[in-house]
Novice: 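The structure that follows is given in the form of structure tokens.
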Amino acid sequence: MSFECRSVRADVGAVGANRTVLDDVSLDVASGEFVSIMGRSGVGKTTLLRVLAGLQEPSAGSTVRFEGRPVDGPPDGVSLVFQDYTSALLPWRTVAANVELPLEGHLSKPERSERVAATLEMVGLADRANDRPPQLSGGMQQRVQLARALASRPAALLMDEPFGALDALTKSDLEDELLALVAETSTTVVFVTHDIDEAVYLSDRVVVLGGEPAGIAADVVVDCPRPRTQIRTRESAEFLAARSRVHEVIFGTR
Ligand SMILES: Nc1ncnc2c1ncn2[C@@H]1O[C@H](COP(=O)(O)OP(=O)(O)OP(=O)(O)O)[C@@H](O)[C@H]1O
Ligand SMILES: [Mg+2]
């Protein structure tokens with residue numbers, strides 16, 4: 001098992017003025033599984049991701065494990081990708097130097113250069129290594145962020161609305177690139193999105209958070225075979241069934 005959450009409760013806000021956002025969330029994500037998290041704005045999706053990433057401590061009585069070990073800080077082997085690529089990248093560093101950042105102190109200089117080159121190749125940016133992020137399009141900048149997350153060859157990727165700010169065409173290209181990359185590397189993915197079609201297209205399961213405090217309102221299995229393709233998969237009966245089920249739950253939790 002990659003992630004195991006048992007009876008997770010999480011509070012936000014200052015001590016004495018805090019509010020419970022998540023309550024009694026139990027969720028397993030198997031190794032190599034792709035799980036999307038959905039739910040209305042403010043329901044607690046980012047909070048759940050922060051708890052999985054070891055950036056937020058859940059309340060006493062909660063259990064969160066990554067690969068069998070309790071999460072009590074950012075675990076080795078887990079990388080994060082955020083929605084806002086402009087503030088996630090360092091604009092004064094080259095693309096290569098941004099991707100190299102998480103490897104500093106872990107690999108030797110020649111090993112880092114080799115890893116950075118291989119990772120930029122994976123995301124199709126080998127020829128932009130010496131550019132600076134502001135010289136790239138939004139889709140390219142998001143690819144740099146993905147490369148930086150993949151550079152350490154993580155066992156798991158946590159992604160918070162990573163494609164939310166992109167146009168539809170760039171978004172579907174990146175969805176397919178992501179699926180190919182995680183299939184190749186057997187990476188576990190927990191992916192937050194507001195886009196039902198995107199969640200169903202990418203995922204093995206779509207988990208919907210609902211309520212206040214939020215718990216798991218539904219856990220919908222997507223039965224579409226892999227590899228998936230934008231047109232064929234989205235037309236399949238399995239896709240449409242999962243999509244209408246998720247739709248029903250989300251609109252039912254408003
Ligand atoms: N540092 C904080 N201090 C106080 N409240 C917070 C803090 N962080 C989050 N919250 C509150 O916790 C709740 C859940 O926030 P969270 O960011 O997890 O929602 P979300 O589901 O990711 O929403 P969105 O879809 O808009 O990104 C919200 O009501 C938010 O206002
Ligand atoms: Mg959020």
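For ligands, and for the atoms within them, numbers begin at 1 and follow the listed sequence. When a residue number appears, it is its place in the shown sequence, counting from 1. Basis for what follows: all heavy atoms, side chains included, without hydrogens, waters or symmetry-related copies. Please read all numbers here as calculations on a predicted model, not as lab measurements.
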Novice: Whether the Asp84 and Ser87 side chains hold a donor-acceptor pair (N or O, under 3.5 Å, no angle test) is what I'd like checked.
Specialist: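 Side-chain D/A pair, Asp84 to Ser87: present.
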
Novice: Could you check whether any side-chain heavy atom of Leu120 comes within less than 4.5 Å of a side-chain heavy atom of Val95, counting everything from C-beta outward?
Specialist: yes

Novice: Verify whether one side chain among Thr119 and Arg153 offers a donor that lies under 3.5 Å from an acceptor in the other.
Specialist: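 Yes.
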
Novice: Looking at residues at least two apart in the chain, or sitting in another chain, which of them share a side-chain contact (heavy atoms from CB on, under 4.5 Å) with Val222?
Specialist: Val200, Val206, Cys224, Arg228, Ala242

Novice: Run through ligand 1 for me and note each protein residue having a heavy atom under 4.0 Å from it, chain first, then residue number.
Specialist: Val12, Gly13, Arg19, Val21, Arg40, Ser41, Gly42, Val43, Gly44, Lys45, Thr46, Thr47, Glu161, His194

Novice: Can you count the protein N/O/S atoms lying under 2.8 Å from the Mg ion (ligand 2), leaving waters out?
Specialist: 1

Novice: For a quick check under 3.5 Å, do Glu111 and Ser108 share a side-chain donor-acceptor pair by atom type?
Specialist: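 Yes, because at least one side-chain N or O of Glu111 sits under 3.5 Å from a partner of the opposite role on Ser108.
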
Novice: Considering non-hydrogen atoms only, spot the tightest contact between Arg132 and Trp92 and give its length.
Specialist: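 Distance-wise, the nearest heavy atoms are NE-O, 2.9 Å.
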
Novice: Using the side chain to side chain donor-acceptor pair (under 3.5 Å) definition, which of the options Arg6, Arg65, Arg205 pairs with Asp28?
Specialist: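 Of all the options given, the one that passes is Arg6.
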
Novice: Write out all pairs satisfying ring-ring contact (aromatic ring centres under 6.0 Å, His included) with one or both partners inside residues 138-187, taking only residues at least two apart or from two chains.
Specialist: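 Listed once each, the pairs are Phe163-Phe191.
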
Novice: Report yes or no: do Glu198 and Thr193 form a side-chain donor-acceptor pair below 3.5 Å?
Specialist: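 Per modelled atom types, Glu198 and Thr193 side chains form a pair under 3.5 Å.
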
